[in-house]
Structure formats: structure tokens, C-alpha cells
Engineer: 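Mind having a look at this structure? Questions to follow.
Everything numeric in this text was worked out from a predicted model, so none of it was measured. These numbers come from the heavy atoms of this one structure, side chains and all, not from hydrogens, waters or symmetry mates.
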Amino acid sequence: MGNIAISRAYDPEPATGAVFLVDRMWPRGVRKDDLRLDGWTRDVAPSPELRKWFGHRPERFAEFRDRYLRELDANPEAVRPLLDAARKGPVTLLYSARDTEHNNAVVLRDHLRRLLAASP
């Protein structure tokens with residue numbers, strides 16, 4: 001329980017466990033049958049306004065994290081499928097950003113881990 005990995009949608013390594021795309025938009029240049037997905041959780045992705053504001057600028061990541069966590073807290077139903085899957089076994093969150101350290105999947109993974117640790 002709680003084994004949550006993140007991986008770029010473009011990485012050739014196979015994802016483990018239940019695999020969810022956590023971006024609002026489909027990864028550019030990737031065919032739908034090229035990804036083995038258990039779900040595409042668009043609603044868990046940052047809002048378009050937040051994504052545009054962030055612009056993948058590392059200097060804005062701390063503020064992005066805070067704003068995104070507020071969005072996630074305001075929409076617990078969007079997170080539920082990921083939590084349910086993580087309670088059953090390993091989960092991989094797929095994202096398309098180039099920056100592997102400053103992206104929504106990093107924030108979401110940490111958020112899910114906190115929720116799992118706090119639940120009975």
C-alpha cells in the first residue's frame with residue numbers, strides 16, 4: 001500500500017501497477033494505444049488557469065504546489081480513484097512535462113502518500 005511512482009508518458013520503461021495519466025491534455029505525439037492506462041484522471045490535473053500561470057517555471061514551483069494542493073483539497077472525488085488503486089497495490093502516475101522535479105505529478109504523488117498515511 002502506498003507505492004506510488006511517477007513517470008513521463010514518453011519514457012520507454014514500462015510503468016508498474018495501476019497506471020493513470022494525470023494531465024488534463026493528452027501527451028503530444030503519443031498515440032492512445034501506445035500507453036497502457038487504467039485511467040485518465042483529467043479532473044485531478046491542475047486547472048488550466050493554474051497550469052498557464054505556472055508555465056513550468058521552477059521559481060514558481062513552491063507557489064504552484066500550494067495552489068495545486070488547495071485545488072486537490074477542494075476536489076476530493078477526483079483523487080478517490082487514485083487512492084483506491086493505491087490501497088490495492090502499486091500505482092504509476094504518468095505526466096508529460098519535461099521537468100522531472102517541478103511538475104504536477106510530483107505534488108500529486110506526495111499528496112496521495114500523505115492521504116494514505118493519514119487514513120486507517
Engineer: Would you call the rings of Phe54 and Phe61 parallel, tilted or perpendicular, where under 30° means parallel and over 60° means perpendicular?
Structural biologist: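 Ring orientation, 0 to 90° scale: tilted.
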Engineer: Could you check Asp43, Leu94, Val44 and say which one makes a side chain to side chain contact (heavy atoms under 4.5 Å, CB included) with Val22?
Structural biologist: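 The residue from Asp43, Leu94, Val44 that satisfies side chain to side chain contact (heavy atoms under 4.5 Å, CB included) with Val22 turns out to be Val44.
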Engineer: If you look at every heavy atom in Ala85 and Phe20, which pair is closest and at what distance?
Structural biologist: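 Between these two residues, the closest heavy atoms are CB-CE1, 3.7 Å.
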Engineer: Over all heavy atoms of both residues, which pair between Trp40 and Met25 is shortest? Give the atoms and the distance, please.
Structural biologist: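 Smallest heavy-atom distance, with atoms named: CZ2-C, 3.9 Å.
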Engineer: For Asp11, check side chain to side chain contact (heavy atoms under 4.5 Å, CB included) against everything at least two apart and list the hits.
Structural biologist: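 Partners of Asp11 under the side chain to side chain contact (heavy atoms under 4.5 Å, CB included) test: Ser7, Arg8, Glu13.
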Engineer: Write down the atom of Pro58, the atom of Asp99, and the distance for their closest heavy-atom approach.
Structural biologist: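 Closest approach of Pro58 to Asp99: CG-OD2, 4.0 Å.
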Engineer: For the atom pair OH (Tyr68) and CZ (Arg51), what is the distance rounded to the nearest 0.5 Å?
Structural biologist: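 Taking OH in Tyr68 and CZ in Arg51, the distance rounds to 12.0 Å.
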Engineer: Could you tell me whether Arg70 and Asp73 have a side-chain N and a carboxylate O separated by less than 4.0 Å?
Structural biologist: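 Here Arg70 does not pair with Asp73 in a salt bridge, since their nearest N and O are not under 4.0 Å apart.
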Engineer: Report the residue from Thr100, Leu108, Val106 that forms a side chain to side chain contact (heavy atoms under 4.5 Å, CB included) with Tyr95.
Structural biologist: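 So the option named by the test is Thr100.
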Engineer: Do NZ/NE/NH1/NH2 and the carboxylate oxygens of Arg67 and Glu71 come within less than 4.0 Å?
Structural biologist: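 Glu71 and Arg67: not salt-bridged.
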Engineer: Mark yes when over 12 heavy atoms from residues, nucleotides or ligands other than Glu101 sit less than 6.0 Å from its CD; otherwise mark no.
Structural biologist: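 Check fails, neighbour count at 12 or below.
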Engineer: Closest heavy-atom contact between Leu37 and Leu21?
Structural biologist: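 What the structure gives for the nearest pair is CD2-N, 3.8 Å.
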Engineer: With Ser96, which of Val30, Asn103, Asp23 fulfils side chain to side chain contact (heavy atoms under 4.5 Å, CB included)?
Structural biologist: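 Of the listed options, the one satisfying the test is Asp23.
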Engineer: Looking only at non-hydrogen atoms, find the nearest pair between Pro46 and Phe64 and report the distance.
Structural biologist: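 Nearest pair, atom of Pro46 first, then Phe64: CG-CZ, 3.7 Å.
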Engineer: Please determine whether side chain to side chain contact (heavy atoms under 4.5 Å, CB included) holds for the pair Leu93 and Leu112, giving the CA-CA distance in whole Å, both sets of side-chain angles, and the decisive distance to 0.1 Å.
Structural biologist: CA-CA 11 Å; Leu93 308 177; Leu112 291 169; 4.1 Å; yes
Engineer: Answer yes or no on whether Arg28 is positioned over the face of Trp26, meaning its NZ or CZ is under 6.0 Å from the six-membered ring centre and within 45° of the axis.
Structural biologist: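 Not satisfied by the 6.0 Å and 45° rule.
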Engineer: Looking at CZ of Arg114 and CG of Leu72, how far apart are the two atoms once the value is rounded to the nearest 0.5 Å?
Structural biologist: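 Answer for the CZ-CG pair, Arg114 versus Leu72, is 9.5 Å.
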Engineer: So, are Arg60 and Glu63 salt-bridged, with charged N and O less than 4.0 Å apart?
Structural biologist: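 No, no charged N to carboxylate O under 4.0 Å.
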Engineer: Side chain of Thr92, backbone of Thr16: donor and acceptor closer than 3.5 Å?
Structural biologist: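 Answer holds: yes.
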Engineer: Would you say Leu82 and Val107 are hydrophobically clustered, going by side-chain heavy atoms of ILVMFWY under 4.5 Å?
Structural biologist: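 Looking at the clustering, Val107 is in the same group as Leu82.
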Engineer: Is the shortest distance from a Lys or Arg side-chain nitrogen in Asp34 or Arg36 to a carboxylate oxygen in the other one below 4.0 Å?
Structural biologist: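 Judged by the 4.0 Å cut-off on N to carboxylate O distance, Asp34 and Arg36 do not form a salt bridge.
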Engineer: Test Val79 against Leu115 for side chain to side chain contact (heavy atoms under 4.5 Å, CB included), laying out the working first.
Structural biologist: CA-CA 10 Å; Val79 177; Leu115 291 174; 4.0 Å; yes
Engineer: How far does CG of Leu50 sit from CG of Asn104, to the nearest 0.5 angstrom?
Structural biologist: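 One gets 9.0 Å once the value is rounded to the nearest 0.5 Å.
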Engineer: Begin with the C-alpha distance, continue with both residues' side-chain angles, and end with the deciding distance and a verdict on side chain to side chain contact (heavy atoms under 4.5 Å, CB included) for Ser47 and Lys52.
Structural biologist: CA-CA 9 Å; Ser47 66; Lys52 288 175 187 173; over 6 Å; no
Engineer: Please report the shortest heavy-atom distance between Pro81 and Ala78, naming the atom on each side.
Structural biologist: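 In terms of heavy atoms, the two residues are closest at CD-O, 3.4 Å.
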Engineer: At what distance, to the nearest 0.5 angstrom, does CD1 of Ile4 lie from CG of Asp110?
Structural biologist: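 Reported to 0.5 Å precision, the distance equals 9.0 Å.
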Engineer: If you round to the nearest 0.5 Å, how far is CZ of Arg57 from NE2 of His102?
Structural biologist: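 With rounding to 0.5 Å, NE2 (His102) is 13.0 Å from CZ (Arg57).
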Engineer: Atom CZ of Arg113 and atom CG of Leu83: how far apart are they, to the nearest 0.5 Å?
Structural biologist: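 That separation rounds to 13.0 Å.
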